[in-house]
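Step one of this worksheet: look at the structure below.
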Protein chains: 2
Amino acid sequence: MTSVEEPARPGERIRDAARTRAEILDVATAEFARAGYDGARVDEIAARTRTTKRMIYYYFGGKEQLFTAVLERAYGVIREAEQQLDVDHLDPVAAIRRLAELTFDHHERHPDFIRLVSIENIHDAEHIAASEELGRMGSPALDVIRRILAAGQESGLFTADVDAVDLHAMISSFCFFRVSNRHTFGALFGRDLVAPGRREHYRAMLGDMVIAYLTAERAAD
Amino acid sequence: MTSVEEPARPGERIRDAARTRAEILDVATAEFARAGYDGARVDEIAARTRTTKRMIYYYFGGKEQLFTAVLERAYGVIREAEQQLDVDHLDPVAAIRRLAELTFDHHERHPDFIRLVSIENIHDAEHIAASEELGRMGSPALDVIRRILAAGQESGLFTADVDAVDLHAMISSFCFFRVSNRHTFGALFGRDLVAPGRREHYRAMLGDMVIAYLTAERAAD
DNA sequence: TCAGTAATGTACGAACCAGTACGTTAGCTA
DNA sequence: TAGCTAACGTACTGGTTCGTACATTACTGA
């Protein structure tokens, strides 16, 4: 019989604040996205980590702050993706389509992000309100849209009288809903909006919709 | 001092199963919408009712079944509204716009419904799956869209190659997102999507978007 | 009118869960 | 190498919360 007291491997447990913090954030993201804020269990997060619950309180202070940190990181990811976007060499129509597809792809690839945002809305965005970081964090996408829109309207190509924020809402709504409401929509209408086989179909549909709206012939007024 | 034992008004408490059941459903709807499934408190629902927690278990069996009953009623409301819709006398463009506006108006008037659906999606629509009623309950809106779409495509007015379910998803996404993501969108972009002053603006934007998509000139392929 | 049942109320328990008091150790630095 | 502190672990608690055992009363039909 080996001694129970004997540690499995001495020295394996190396202290690394950054790694521990990051690991907690990873696990917490999955747990909050899985079960919602109130459904998520701090003990469960701790159990799936190589550390203990004590560390969650040590690094983050509490469940609320942990959720806020999770949100901050999740929003940081999409902000980074938007910053990578370079559409200055494209004509307005292609540029808008490219931007819409970026949102489409990001939302599809990050269903946990969508769930976290849904959860935050159920809580009236109070964690965003409590976060300094999320307050200052602007939206690169909005700047891009503003530039494209100005060019398109200038040239007369875009006839719609719409501003960047509303256009962003239009694009986001389609991309977001497709992921966020996947389950109820699927259960009620028998169609999986996120089925891989329909991906290109919806991606094209989004672009067509936005371009059609922006370039539609309008009655003079 | 009046006796504590003395009931305030004898005979005031009249037994009425239907009323008690309905009252529980009303209060539960508000509580679940407010706090989410796990955040909602059965004791809180009971406290806001003229009856006791015991009755919730008597009539519904448990928290899960109560939430399912709440969902069933909420979906019933929009189904009824859709059934009222009569667009057979309108041309396809006007008919689609009318239908879109019905969804827009319903979602705006029933933010609790939107929250409940968001919550149900966080729980992977497992309550809908458990409900016989919600399974059979079709969608009158879908039938209406099918008819309008057939007429529009027949006449060559609608050029888009889209089916009823996808068009319904497009309309719903805009209407749903505007209410469901009101808080995060407002906090991040500084614009209240549900502000009364912008109501007509978004209502028109939705119609323009859908009509533009359906009637856009398309490259022959 | 009386017995049976549907409807209701009270009080409680067992499990759960966020948070913490207290103790320990690794690694850096003087 | 001694000692200091950041990093970490254990064990517990106090309050909460879903659910129920048990008692009671209003209504109804025979």
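Values below: every heavy atom of this structure, side chains too, minus hydrogens, waters and symmetry copies. Each chain gets a letter, A, B and so on, in the order its sequence line appears, and its residues count up from 1.
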Under 3.5 Å, is there a donor-acceptor pair between the [X] and [Y] side chains?
{"X": "A/Y37", "Y": "B/D38", "result": "no"}
{"X": "B/N121", "Y": "A/S180", "result": "no"}
{"X": "A/E72", "Y": "A/S131", "result": "yes"}
{"X": "B/H127", "Y": "B/E64", "result": "yes"}

For this session: Please state whether the base of C/dG19 and the side chain of A/K53 form at least one donor-acceptor pair under 3.5 Å?
Result: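 Between C/dG19 and A/K53, which were checked side chain against base, a qualifying N/O pair under 3.5 Å is present.
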Problem set entry | Any B/T52 side-chain N or O less than 4.0 Å from OP1/OP2 of C/dT10 |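 For C/dT10, neither OP1 nor OP2 has a side-chain N or O of B/T52 closer than 4.0 Å.
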For this session: Indicate whether OP1 or OP2 belonging to D/dA7 is found under 4.0 Å from a side-chain N or O atom of A/T20.
Result: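 Indeed not, no polar side-chain atom of A/T20 lies that close.
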For this session: Identify, with sequence neighbours excluded, every residue that meets side-chain hydrogen bond (donor to acceptor under 3.5 Å, both in side chains) alongside B/Y58.
Result: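 If we apply the side-chain hydrogen bond (donor to acceptor under 3.5 Å, both in side chains) test to B/Y58, skipping adjacent residues, there are no hits.
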Rounded to whole Å, please give me the gap between [atom1] in [X] and [atom2] in [N].
{"X": "B/E31", "N": "D/dT17", "atom1": "CD", "atom2": "P", "value": "10 Å"}
{"X": "A/D16", "N": "C/dT25", "atom1": "CG", "atom2": "C1'", "value": "16 Å"}
{"X": "A/I24", "N": "D/dA7", "atom1": "CD1", "atom2": "P", "value": "12 Å"}
{"X": "A/R54", "N": "C/dT24", "atom1": "CZ", "atom2": "P", "value": "15 Å"}

Less than 4.0 Å between a side-chain N and a carboxylate O, is that true for [Y] and [X]?
{"X": "A/R98", "Y": "A/E101", "answer": "no"}
{"X": "B/R115", "Y": "B/D112", "answer": "no"}
{"X": "A/D163", "Y": "A/R146", "answer": "no"}

Problem set entry | Proximity to DNA chain C (any heavy atom under 4.0 Å), residues of residues 55-73 of chain B only |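 Close to the strand are B/M55, B/Y58, B/Y59.
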Exercise. When you measure from every atom of DNA chain C, which of residues 37-48 of chain B have a heavy atom less than 4.0 Å away?
Worked result: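 Listed by number, there are none.
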